[in-house]
Amino acid sequence: MGTKNNIFILIITLFWGTVVKAQHTMQDSLSHYNKMLTSNEMKEDLQILLDIRKQVNSGLYIYRTPQQIDSIFNWASKQVETPLKTIDFYKILVQLADFEGSCHNYTAPNTKLLDFLKRQKSFFPYPLVYIEGQIIFEGQDARIPVGSRILSINGTTDTDLMKSFFKYYPTDGFTQTAKISASVNKSFGINYLLEYGLTDVYEIEYIAPKSKKTESIRIPAVTLEQRIKNEANKFSAPVSDLIDFNKQLPYSFEMINPSTGLLNLRWFGMVTGAEDPGFEKYVRFIDSVFVALNNKNIPNLIIDVRNNPGGADPTFEQPVRYMTDHPFKENLKARIVFDPYHIPFQNYFWGVSIAQSMDSISLALGKEALKDRFPIYKNGLSYQNQKYNPVYNPKTPKFKGKIFLLINENVASAASHFASLVKAYVNNVTIVGVETRGGYYEHNGHSPMIYELPNSKIKSQFSIVHLIQDAPKKAEQPRGRGIIPDYEIWPTLKDFFKHKDTQLEFVLNLINN
């Protein structure tokens, strides 16, 4: 009898162990996190998102008319007539955010879904880089030569791959440059999995350097951790790491030859504002640079803000004060479109950081700070308290030599605002590189707000303050575009192989000639 009981208990234990294991596997599967949404759930989320945008987003109608915004939301509503997976609905919302024309827009999938994708061994193994209209392989792997042109990945051509990722990278206005390079440089991590799904293997068609023959290879997918390691070992690192704000000091200066100084401004977010102890240290540094340039009578100054993602006011205004005779302000006008004491749709409000929702105490403090900056709400608008928009007067010693500003398509927010001020008020400047992601005349910035949609749990982030920048109209600078360089210079494949910085070399040649 005891033996039969033991056998029975063993069978039950094995049975329940299998069930529990199956349940755990099911709960940690893509289908569990990428749940099917009904048409009504998605339409409700769309309507809530549209209402939030209209009542909270001050930049909604800057580049698009009300009819255009309604039209694209009507398009989205037709796309959800039948049930869709969460990721497919997410791709629709990404297009809505991109259409508005603000580089501060960001759409985040459900956090648990995103965490699941990050745990998968499904990532493209090696770094790729956009050069001269092509997807170029720069992983240090003998199976594919460095510099090979990638023709297709898992059956999708290079052109279709790049176009499919444009929607993930919003820019100010109608700028395309940041989308073009990001469709390669930033897309083969999480965004590839969101766009094309999980895979165990990548089948790659490519043409090796100095060859005309198309070859193919199958490479196993890797973990995110391994992909990050491979990224760090990319071929271009000796050059690209030098303008990576994650790997360099936020600001630095060097003399690259006896007649030319190089001021690197990698990030304007190293301090939170003028009250930050680090701000005075930064101000002293900027002053010391221009004093040294003046004392040594240096004729050329290169200012490099490539890849600078932005940061906090008033850091970006400081260098401009040594390069102009003209007083300037951060903006001519700044506004929000709601009463800061009464945040619309507070039941869907998440906070100001994707990583963590805002508690009631932080929310109350945030309202007080917002009310201080936008004290009077009238006729649907709250304008900025002018104490937060001071006049910046020129400083001495003014730099009297030639200035060369290096920009690229990743310059955004406060960094593009800096470039806008330089173009507006510095007379002896030559701008070299690629049109910036951030706008010349205006943008939405300062205060991010995040809302979580109730059914899909997708988060929508946008900045609520619309700023008309202190940027005089220029014939060569169309509205709805980033800062246009005097010389448009993209990296070249020839320089890639030689580990040369194409844009910096171009400036040095300008100086020498």
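What you are looking at is a predicted structure, and each value in this text was computed from that prediction instead of being measured.
- Of all non-hydrogen atoms in Val129 and Val184, the two that sit nearest each other are C-CG1, 3.5 Å.
- The environment of Glu275 atom CD is dense: over 12 non-hydrogen atoms of other residues, nucleotides or ligands sit within 6.0 angstrom.
- Across Thr436, Thr177, Asn307, a single residue satisfies side-chain hydrogen bond (donor to acceptor under 3.5 Å, both in side chains) together with Asn408, and that is Asn307.
- Within a 6.0 Å radius of NZ in Lys402, other residues, nucleotides and ligands contribute 12 heavy atoms or fewer.
- Counting heavy atoms of neighbouring residues, nucleotides and ligands inside a 6.0 Å radius, atom OH of Tyr487 does not exceed 12 of them.
- Using a 30° and 60° split on the angle between ring planes, Tyr168 and Tyr90 fall in the tilted class, from 30° to 60°.
- Residue Lys474 places its NZ atom among more than 12 non-hydrogen atoms of other residues, nucleotides or ligands, all under 6.0 Å distant.
- Note that Arg227 lies outside the cation-pi zone of Phe123, set by a 6.0 Å cut-off to the ring centre and a 45° limit from the axis.
- At least one side-chain heavy atom of Pro299 sits less than 4.5 Å from a side-chain heavy atom of Ser259.
- Under the 6.0 Å distance and 45° angle rule, Lys112 does not count as a cation-pi partner of Tyr33.
- A ring pair (Phe, Tyr, Trp, His ring centres under 6.0 Å) with Tyr392 is found for exactly one of Phe328, Phe418, Tyr425, Tyr322, namely Phe328.
- The two residues Gln477 and Gly482 make their nearest non-hydrogen contact at NE2-O, 2.6 Å.
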Problem set entry | Worked check of side-chain hydrogen bond (donor to acceptor under 3.5 Å, both in side chains) between Glu409 and Ser181 | CA-CA 8 Å; Glu409 69 279 13; Ser181 67; 2.8 Å; yes
Exercise. When you look at Glu100 and Asn57, which way does the side-chain hydrogen bond (donor to acceptor under 3.5 Å, both in side chains) test go after all the steps?
Worked result: CA-CA 10 Å; Glu100 290 174 12; Asn57 186 357; 3.1 Å; yes
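- The number of heavy-atom neighbours closer than 6.0 Å to NZ of Lys247, taken from other residues, nucleotides and ligands shown, is above 12.
- Residue Tyr251 forms a ring pair (Phe, Tyr, Trp, His ring centres under 6.0 Å) with just one option from Trp267, Phe316, Tyr282, and that option is Tyr282.
- Less than 6.0 angstrom separates the ring centroid of Phe496 from the ring centroid of Phe235.
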For this session: Could you check Arg266 against Asp304 for salt bridge (Lys or Arg N to Asp or Glu O under 4.0 Å), going step by step and ending with a plain yes or no?
Result: CA-CA 8 Å; Arg266 297 271 77 89; Asp304 189 352; 3.1 Å; yes
